[in-house]
2 protein chains.
Amino acid sequence: MSPLLSQILTIPQLITRELGGLIVSGQYNPNNPVPTEMDLSRHFGVSRSSIREAVKMLSAKGLIDSKRNQGIAILPRDNWNILDPDVLAWSQKYGSSRQLQIEFIQMRKAIEPEATYYAATQGQVDDVIAIDSAYCHLFKVVQEQQAEQFSAAVCEFHLAIIKASRNRFYCNMQPFLKTAITSLYDNELDSIPSNVKALTLYDKLVQAIKTHRADVAKNTMAELVELDCERIH
Amino acid sequence: MSPLLSQILTIPQLITRELGGLIVSGQYNPNNPVPTEMDLSRHFGVSRSSIREAVKMLSAKGLIDSKRNQGIAILPRDNWNILDPDVLAWSQKYGSSRQLQIEFIQMRKAIEPEATYYAATQGQVDDVIAIDSAYCHLFKVVQEQQAEQFSAAVCEFHLAIIKASRNRFYCNMQPFLKTAITSLYDNELDSIPSNVKALTLYDKLVQAIKTHRADVAKNTMAELVELDCERIH
DNA sequence: GAGGATTTGTTCGTATGTATT
DNA sequence: AAATACATACGAACAAATCCT
């Protein structure tokens with residue numbers, strides 16, 4: 001194994017990443033199916049055991065299904081666990097960026113306002129503290145024009161909100177949200193000026209959560225997501 | 001291996017199911033960590049290779065992380081891929097049914113109305129056909145009082161809608177939706193009478209989708225989910 | 001339908017590297 | 001510094017199911 005990546009990733013993890021990318025990008029498909037374990041073993045120069053462990057990981061993510069003597073079948077896209085951080089990353093890397101952006105926003109429109117509602121009604125004290133501190137950080141970043149930190153600060157705020165919902169399904173969308181928001185603000189260093197006005201919405205949002213005005217909080221978050229929606233048009 | 005299940009499930013899959021249940025139910029936890037691969041191998045009477053493949057599947061689902069010399073660590077619940085059908089099933093089997101019902105509905109309130117909106121605006125012809133046929137089936141089931149088929153029919157309808165959204169993130173919540181709806185209507189054979197009036201809402205919903213009145217469709221779905229919400233109070 | 005080839009399923013033994021004690 | 005414990009990785013072998021001839 002190459003001594004560089006082996007420090008971090010195991011061989012099965014490397015193979016998983018490689019095969020996952022090839023499947024999501026469509027290079028392996030029903031017309032060009034995944035080779036047999038033996039062929040993969042020879043091709044990558046690793047043992048069949050390692051290949052098998054990678055295959056198991058991919059099947060656990062819903063990408064493939066291996067049956068006796070039938071080889072490795074690629075499952076229909078509906079089966080893919082696209083909320084899985086790895087699958088999401090591969091989709092982002094190899095898919096149409098434009099289409100993905102649209103679907104990101106569509107999902108955020110559903111999730112974030114509702115999560116905000118629950119954050120305002122059911123958020124614990126430490127949740128609200130985390131939201132407030134994330135807001136303060138964001139405010140500072142914008143005021144000091146630290147463009148390279150803007151994306152991370154926005155992310156931190158939105159993640160704090162969704163965590164405060166205290167619903168495990170919402171909380172499980174943290175990797176999704178992080179990817180969706182990061183992909184929107186990264187590589188656009190001019191985003192701060194146009195978002196100074198968004199800051200007033202963030203302020204309104206935090207106040208609403210603190211005072212448990214759930215409907216106001218929800219609607220304000222909806223406005224914020226709508227602003228992000230306009231960015232991709 | 002028992003000759004019964006071995007016809008369907010492989011050994012790694014059996015081990016995955018067993019360990020997954022033990023982790024989700026909390027029998028394995030930071031105070032009582034997962035044994036070493038060697039111990040698991042001896043305990044289940046299977047080879048270490050099979051254990052390793054099961055471990056890889058569980059790590060792909062975000063439940064555990066195995067590091068050299070450190071054994072198998074259970075990851076915090078936030079990392080668990082709870083939208084994964086298996087993880088969801090284990091959570092349902094071993095967790096508090098009441099709490100899960102609440103979180104199911106909270107999630108559906110966010111997802112379903114919005115998905116309905118997109119079904120009305122972006123649904124293809126065959127999507128609408130599927131929705132209509134699911135509605136007709138549901139209508140028939142209610143009229144003929146086939147109580148045992150009611151749950152499946154309701155499910156079919158809601159799944160048809162979410163598929164019509166043509167958004168891969170919404171579509172990926174089909175297993176979630178199926179579990180959430182089934183758990184609500186199963187074991188309650190008296191549910192049909194009280195839901196005859198819900199049928200008028202379903203009818204209104206289908207008409208709205210057919211005529212592309214997206215806002216009406218969305219609001220009607222919100223009403224339907226609200227009805228389900230009242231059932232768990 | 002009978003039989004051989006293919007491919008995954010499963011096990012075992014061995015060696016290696018890396019922490020902990 | 002040495003021993004131990006543990007996960008990582010390899011390779012060989014056989015079993016079992018399915019496909020093709």
Side-chain angles (χ1 to χ4, degrees), chain A residues 1-20 22-23 28-75 79, chain B residues 1-20 22-23 28 30 32-75 86:
Chain A
M1 169 162 47
S2 97
L4 289 168
L5 284 174
S6 66
Q7 304 289 333
I8 313 160
L9 294 177
T10 66
I11 287 183
Q13 282 171 331
L14 284 168
I15 304 293
T16 301
R17 173 183 284 193
E18 188 69 20
L19 290 180
L22 288 170
I23 292 170
Y28 285 143
N29 54 59
N31 293 329
N32 179 32
V34 180
T36 67
E37 292 179 354
M38 227 14 227
D39 286 342
L40 289 172
S41 168
R42 276 189 287 264
H43 176 254
F44 288 113
V46 302
S47 71
R48 190 159 83 99
S49 312
S50 296
I51 297 291
R52 282 183 63 78
E53 288 175 19
V55 165
K56 291 300 175 197
M57 286 203 267
L58 292 172
S59 75
K61 293 176 189 298
L63 264 59
I64 60 177
D65 185 32
S66 69
K67 282 206 184 72
R68 247 189 172 110
N69 199 43
Q70 290 179 207
I72 299 164
I74 297 172
L75 294 177
N79 286 76
Chain B
M1 167 162 46
S2 97
L4 290 168
L5 285 174
S6 66
Q7 304 288 332
I8 314 161
L9 295 177
T10 66
I11 289 182
Q13 284 171 330
L14 285 167
I15 304 293
T16 301
R17 173 183 284 194
E18 188 70 20
L19 290 180
L22 288 170
I23 292 170
Y28 284 144
N32 178 33
V34 181
T36 67
E37 291 180 353
M38 205 48 210
D39 287 342
L40 290 172
S41 168
R42 275 189 289 264
H43 176 253
F44 288 112
V46 300
S47 74
R48 260 197 68 208
S49 310
S50 296
I51 297 291
R52 282 184 62 78
E53 288 175 17
V55 165
K56 291 297 179 214
M57 287 202 267
L58 291 173
S59 74
K61 292 176 188 296
L63 264 60
I64 60 177
D65 186 32
S66 73
K67 282 207 187 75
R68 226 179 173 115
N69 307 324
Q70 292 177 219
I72 299 165
I74 296 172
L75 294 177
D86 290 330

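All values reported here derive from a predicted model rather than from experimental measurement. The sequence lines fix the lettering, A, B, ..., with proteins before strands; numbering per chain opens at 1.
- Here the side chain of Asn69(A) is nearest to one of dT8(C), dG11(D), dT6(C), namely dT6(C).
- Two residues are said to be in side-chain contact when any heavy atoms from C-beta on lie closer than 4.5 Å; Ile74(A) and Asp65(A) fail this criterion.
- Contact annotation: Thr10(B) side-chain N/O to dT8(C) OP1/OP2 distance is not under 4.0 Å.
- At a threshold of 4.0 angstrom between heavy atoms, the contacts of Val55(A) with the nucleic acid are absent.
- Met38(A) has its CE atom 9 Å from the P atom of dG11(D), to the nearest Å.
- Contact record, Ser41(A) with Val46(A): OG-O, 2.6 Å, taken as the closest heavy-atom pair.
- The main-chain N or O of Ile11(B) is never found under 3.5 Å from a side-chain atom of Ser50(B) such that the two would form a donor-acceptor pair.
- Here the C1' atom of nucleotide dG17(C) and the NZ atom of Lys67(B) are 17 Å apart, to the nearest Å.
- Between the P atom of dT8(C) and the CD atom of Glu53(A) lies a distance of 16 Å, rounded to the nearest Å.
- The distance from atom CD of Gln70(A) to atom C1' of dA16(D) is 13 Å, rounded to the nearest whole Å.
- Judged by atom type and distance alone, Arg68(A) does not reach the base of dT10(C) through any side-chain donor-acceptor pair under 3.5 Å.
- When the P atom of dT11(C) is taken as reference, atom CG of Leu14(B) falls 11 Å away, rounded to whole Å.
- The phosphate of dT11(C) (OP1 or OP2) has a side-chain N or O of Ser50(B) nearer than 4.0 angstrom.
- Rounded to whole Å, the distance from NZ on Lys56(A) to C1' on dT8(C) is 8 Å.
- Taking side-chain N and O atoms only, Arg52(A) has a distance below 4.0 Å to OP1 or OP2 of dG9(C).
- Partner of Ile23(A) under the side-chain contact (heavy atoms from CB on, under 4.5 Å) criterion, chosen from Asn29(A), Ile72(A), Leu75(A), Leu63(A): Leu63(A).
- Using a 4.0 Å cut-off between a side-chain N of Lys or Arg and a carboxylate O of Asp or Glu, Arg17(B) and Asp86(B) do not qualify as a salt bridge.
- In this structure, Glu37(B) places its CD atom 11 Å from P of dA9(D), rounding to the nearest Å.
- Residue Ser49(A) places its side chain closer to dC10(D) than to any other of dT10(C), dT7(C), dC10(D).
- Distance CZ (Arg48(A)) to P (dA12(D)): 12 Å, rounded to an integer number of Å.
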